[in-house]
Chemist: 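Quick one: structure below, then a few questions.
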Amino acid sequence: MSVRVRFAPSPTGNVHIGNIRAAIFNWLFARHAGGKFLLRVEDTDRERSTKEAIQTLLACMEWLGLDYDEPEVYQSQQTVRHLAVAEDLVARGLAYRDNKGGGGECVIFRMPKEGKVEFTDLVKGHLKKQAEDTQDFVIVRSDGTPVFHLANVVDDVDMKISHVIRGDDHVENTFKHIELFKAMGAPIPQYAHLPMIVNNQGKPYSKRDGAAFVGEFKEQGYLPQALFNFLLLLGWAPGDDREVLTREEMIQLFTLDRCKSSAARFDMKKLLWMNGEYIRNAPREVYAKEFVTRVTNAGLSTEGVDLNGVMDQMQIRTKFYSEIPATCTYFFTEDYAFDPKGVEKRLKVEGVPALLEEVADAFTALPAFDVQSTHDKVSAMGEAKGTGMGSIVHPVRMATTGLTEGPGLFELLALLGRERTCARLRKVAQRLRDQTL
RNA sequence: GCGCCCAUCGUCUAUCGGUUAGGACACCAGGUUUUCAUCCUGGGAAGCGGGGUUCGACUCCCCGUGGGCGCGCCA
């Protein structure tokens, strides 16, 4: 039997991480098996399923690299088929019309009255439910529209879905769905129910707990690869000690029997770390593309800047691409911002203007302006003053970058070059004297 | 209330009867003798409780406890 799985979200304008995690597992399962990964948009709730909502959904999938193998199916367009199936079930006595509980006449599906309903879940193992613990349920509303259970199963039959991989919250539905498959005389797919992603309180992770939608992670600067990898590790592990995996490794290693069945807490700290891993280990071309784009978009010019040298310094300290260029503006313009706290602490200090000028003079006199010579000079000056080089390094860093942290000072000065360095030192010294800083 | 499911460091997890219970994030200490970050080294940190089964249980079974999910003419 060929593997055909589907991701069947209802587009609401936001794609929840729990949902996209299900999509990821489905996608990986299909790719591992060489099967098909399909997308079915369950847009029967016409109010929420706007065009924009569907666009958002598709954009999220593309962002994460979740490509699907056949044109997407829109559930709202299958209504006639759903109703025909319901009609057939009624005709065969497997469902009946009733009007209790309100609105009018609806169609209700008969659940077995004796025996049990059972199936073997690929993650949770054998599950069963006694017939007396089940209840007949509505499959067509009194307004004539099909209910989720009906539509979902009919579509799975029509799409020849072989495995249904979805969230834990659907296990109860599965007993209903299985009976529906039987009633339709269709083969029952294999099921795999994934554990929920929960918050610190063990409750389903929601927007109250922080970023909960794919779009938010994208906005905050997370890489799709990092989010993908992180989400995969919530409920699945390769079995060895690897955690950061390439897409190829994930596909190769992914099997449902390695999925856990207990809920997983969402640990933002670990996601953050993983995002950094992906940025630090990104090929230079990849990092460079992001870097240049963001610097350029900020209206800065890379003209005359040793870009590779700057990126050597910045790549290992970039937590989010979105921090570029704020953390390294000073490489590209003389109009860089000064961190107010740093100014207070490192610049508005007795003797600093004179110190900056002294350093500028010393640098100007240096035969060569490179990492080694500036380091040695500052080191010697620190020693001569008996204060150590820290008392020089910090003010100089603040003066030349406006920031209290960043690349090693001497590496950074070398990148800036002698002229710009000395000019900045003198200019800041003057501004301090003029009290314009 | 009824039904179903789940239970290893703070967190994500490995372990498929025999391990000093491993790794990662986070945390702490130290080093890389300017910051931040990276990197390296070291450290503390776990089998919910009670019964069984077994020569031997984190692992299998039962009962509790705790938590989650479901019980819509939502999806």
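Because the structure is predicted, anything quoted here is derived from the model rather than measured.
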Chemist: Suppose you measure atom P in B:U11 against the same atom in B:C5; what distance do you get, rounded to whole Å?
Modeler: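 Looking at atom P only, B:U11 and B:C5 are 24 Å apart.
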Chemist: Would you indicate what A:Leu234 reaches in the nucleic acid, counting non-hydrogen atoms under 4.0 angstrom: base, sugar-phosphate, or nothing?
Modeler: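 Counting heavy atoms under 4.0 Å across all strands, the contact made by A:Leu234 is with sugar-phosphate only.
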Chemist: For this output row, return yes or no: ring centroids of A:His375 and A:Phe410 closer than 6.0 angstrom.
Modeler: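 Between A:Phe410 and A:His375, which both carry aromatic rings, the centre distance is below 6.0 Å.
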Chemist: Among B:C73, B:G23, B:U8, which nucleotide has an atom closest to any side-chain atom of A:Val138?
Modeler: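 Nearest to the side chain of A:Val138 among the choices is B:C73.
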Chemist: Could you measure between the two P atoms, the one in B:U20 and the one in B:U32, and give it in whole Å?
Modeler: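 It comes out at 37 Å once rounded to the nearest Å.
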Chemist: OP1 or OP2 of B:C36 versus the side-chain N and O atoms of A:Arg397: is any pair under 4.0 Å?
Modeler: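 The answer is no; no side-chain N or O of A:Arg397 sits under 4.0 Å from OP1 or OP2.
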Chemist: NA contact type, A:His193, heavy-atom cut-off 4.0 Å: base, sugar-phosphate, or nothing?
Modeler: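 Counting heavy atoms under 4.0 Å across all strands, no contact is made by A:His193.
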Chemist: Where the side chain of A:Ser261 is defined as all heavy atoms beyond and including C-beta, which of B:A26, B:A75, B:C6 is the nearest nucleotide?
Modeler: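 Among the listed nucleotides, the one closest to the side chain of A:Ser261 is B:C6.
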Chemist: For the base of B:A26, is there a side-chain donor-acceptor partner from A:Lys270 under 3.5 Å away?
Modeler: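 Donor-acceptor pair under 3.5 Å: no.
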Chemist: Of the options B:A75, B:G3, B:C36, whose atoms approach the side-chain atoms of A:Glu405 most closely?
Modeler: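 Closest nucleotide among those given: B:C36.
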Chemist: Any chance you could measure A:Phe7, atom CZ, to A:Leu38, atom CG, to the nearest 0.5 Å?
Modeler: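 Between A:Phe7 CZ and A:Leu38 CG, I get 12.5 Å after rounding to 0.5 Å.
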Chemist: Of the nucleotides B:U35, B:C25, B:A14, which one has an atom closest to the side chain of A:His394?
Modeler: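 So the nucleotide nearest the side chain must be B:U35.
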Chemist: Give a yes/no on whether any side-chain N or O of A:Lys269 is located under 4.0 angstrom from OP1 or OP2 of B:A24.
Modeler: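 It does not, given that no N or O in the side chain of A:Lys269 lies less than 4.0 Å from OP1 or OP2 of B:A24.
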Chemist: Taking for each residue the nucleotide of RNA chain B with the nearest heavy atom, is it A:Lys319 or A:Asp168 whose nucleotide lies nearer the 5' end?
Modeler: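 Its nucleotide being nearer the 5' end, the pick is A:Lys319.
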Chemist: Are A:Tyr68 and A:Phe37 an aromatic pair, judged by ring center distance below 6.0 Å?
Modeler: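 Judged by ring-centre distance (under 6.0 Å), A:Phe37 and A:Tyr68 do not meet the cut-off.
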Chemist: Report the base-pairing partner of B:G70 (Watson-Crick or G-U wobble, both distances below 3.5 angstrom), or none.
Modeler: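 Its partner is B:C2.
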Chemist: Under 4.0 Å, heavy atoms only, any strand: does A:Asn200 hit a base, just the sugar-phosphate, or nothing?
Modeler: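 Contact class for A:Asn200: none.
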Chemist: Looking only at the aromatic ring of each residue, does the gap between the centers of A:His177 and A:Phe148 stay below 6.0 angstrom?
Modeler: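 Centroid separation for A:Phe148 and A:His177: below 6.0 Å.
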Chemist: Just to confirm, is there a sub-4.0 Å distance from OP1 or OP2 of B:C9 to any side-chain nitrogen or oxygen of A:Arg265?
Modeler: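 No, no such contact exists.
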Chemist: Touch check for A:Phe410, heavy atoms < 4.0 angstrom, all strands: base, sugar-phosphate only, or nothing?
Modeler: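 Base, at least one base heavy atom under 4.0 Å.
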Chemist: If the test is side chain to side chain contact (heavy atoms under 4.5 Å, CB included), which one of A:Leu272, A:Leu223, A:Thr327 qualifies with A:Phe320?
Modeler: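 Checked A:Leu272, A:Leu223, A:Thr327 against A:Phe320; only one passes side chain to side chain contact (heavy atoms under 4.5 Å, CB included): A:Leu272.
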Chemist: Could you give the distance separating B:G30 and B:U8 at their C1' atoms, to the nearest angstrom?
Modeler: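 It works out to 30 Å between them.
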Chemist: Main chain of A:Lys129, side chain of A:Asp133: is a donor-acceptor contact present, judged purely on distance under 3.5 Å?
Modeler: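 It does not hold such a pair.
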Chemist: If you only use heavy atoms from C-beta on, which nucleotide in B:C74, B:C25, B:C6 is closest to the side chain of A:Arg141?
Modeler: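 Selected nucleotide (nearest to the side chain): B:C74.
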Chemist: Taking a pair as Watson-Crick or G-U wobble with both distances under 3.5 Å, which nucleotide is matched to B:C16?
Modeler: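 Matched B:C16 with nothing under the 3.5 Å cut-off.
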Chemist: Need to verify one output field. Residue with the more 5' nearest nucleotide on RNA chain B, A:Ser10 or A:Gly406?
Modeler: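 Counting from the 5' end, the first nearest nucleotide belongs to A:Gly406.
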Chemist: Looking at A:Ser142 and B:C73, is any side-chain donor or acceptor paired with a base atom of the opposite kind under 3.5 Å?
Modeler: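 In this structure, the two groups form a donor-acceptor pair.
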Chemist: Nearest whole angstrom, please: distance from the C1' of B:C74 to the NZ of A:Lys176.
Modeler: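 Value for this atom pair: 11 Å.
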Chemist: Could you tell me whether A:Leu127 contacts a base, only the sugar-phosphate backbone, or nothing, with contacts defined as non-hydrogen atoms closer than 4.0 Å?
Modeler: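 Sugar-phosphate: the residue A:Leu127, judged by heavy atoms under 4.0 Å, touches backbone atoms but no base.
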Chemist: Closest approach to the side chain of A:Pro204, judged atom by atom: which nucleotide of B:C69, B:U13, B:A37 is it?
Modeler: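 From the listed options, B:C69 comes nearest.
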Chemist: With P as the reference atom in both, quote the distance from B:C28 to B:U38 in angstrom, rounded to an integer.
Modeler: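 Rounded to whole Å, the distance is 13 Å.
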Chemist: Using a 4.0 Å heavy-atom cut-off across all strands, classify A:Gln135 as base, sugar-phosphate, or nothing.
Modeler: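 Contact class for A:Gln135: sugar-phosphate only.
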Chemist: Stepwise, does the ring pair (Phe, Tyr, Trp, His ring centres under 6.0 Å) test hold for A:Trp236 with A:Phe254?
Modeler: CA-CA 8 Å; A:Trp236 179 87; A:Phe254 186 82; 5.7 Å; yes
Chemist: Identify the nucleotide, in any strand shown, that forms a Watson-Crick or G-U wobble pair with B:A7, with both distances under 3.5 Å; if there is none, say none.
Modeler: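 Partner of B:A7: B:U65.
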Chemist: Rounding to an integer number of Å, can you tell me how far A:Lys129 NZ sits from B:G70 P?
Modeler: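 Taking atom P of B:G70 as the reference, NZ of A:Lys129 is at 12 Å.
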Chemist: Suppose you measure atom C1' in B:C16 against the same atom in B:A75; what distance do you get, rounded to whole Å?
Modeler: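 The answer is 36 Å between these two C1' atoms.
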Chemist: Both distances below 3.5 Å, Watson-Crick or wobble geometry, any strand: find the nucleotide opposite B:A21.
Modeler: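 None - no nucleotide pairs with B:A21, as no candidate has both distances under 3.5 Å.
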Chemist: Contact class for A:Glu243 vs. all strands (heavy atom < 4.0 Å): base, sugar-phosphate, or nothing?
Modeler: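 Here A:Glu243 touches the bases of the nucleic acid.
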Chemist: Name the pairing partner of B:A29, where a pair is Watson-Crick or G-U wobble with both distances under 3.5 Å, or state none.
Modeler: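 By the stated definition (distances under 3.5 Å), B:U41 pairs with B:A29.
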Chemist: For B:A14 and B:G66, measure between their P atoms and round to the nearest Å.
Modeler: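 Result for the P pair: 26 Å, nearest Å.
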Chemist: For the P atoms, the ones on B:C12 and on B:A7, what distance do you get once it is rounded to whole angstrom?
Modeler: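 To the nearest whole Å, 12 Å.
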Chemist: Answer with base, sugar-phosphate or nothing: what part of the nucleic acid does A:Arg242 contact at a heavy-atom distance below 4.0 Å?
Modeler: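 No contact.
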Chemist: What's the CD-C1' distance between A:Gln201 and B:G10, to the nearest Å?
Modeler: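 Going from A:Gln201 (CD) to B:G10 (C1'), I get 14 Å.
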Chemist: To the nearest Å, how far apart are A:Arg258 CZ and B:C12 C1'?
Modeler: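 These atoms are roughly 14 Å apart.
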Chemist: Return the nearest nucleotide to the side chain of A:Glu411; candidates are B:A75, B:C12, B:U34.
Modeler: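 Output: B:U34.
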Chemist: In terms of side-chain heavy atoms, does A:Lys260 have a donor or acceptor partner in A:Ser262 at a distance below 3.5 Å?
Modeler: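 Present: a donor and an acceptor within the cut-off.
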Chemist: If I take atom NE2 in residue A:His149 and atom C1' in nucleotide B:G70, what distance separates them, rounded to the nearest angstrom?
Modeler: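 Going from A:His149 (NE2) to B:G70 (C1'), I get 10 Å.
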Chemist: Please check if the distance between the ring centroids of A:Phe175 and A:Phe119 is under 6.0 Å.
Modeler: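 Centroid separation for A:Phe175 and A:Phe119: below 6.0 Å.
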Chemist: If you look at every strand shown and take non-hydrogen atoms under 4.0 Å, does A:Gly408 touch a base, only sugar-phosphate, or nothing?
Modeler: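 Since a base atom lies under 4.0 Å of A:Gly408, the category is base.
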Chemist: Which whole number of Å gives the distance between the C1' atom of B:G47 and that of B:G10?
Modeler: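 About 15 Å, rounded to a whole number of Å.
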Chemist: Whether the side chain of A:Glu172 and the base of B:G3 hold a donor-acceptor pair under 3.5 Å is what I'd like checked.
Modeler: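 For A:Glu172, whose side chain was compared with the base of B:G3, there is a donor-acceptor pair (under 3.5 Å).
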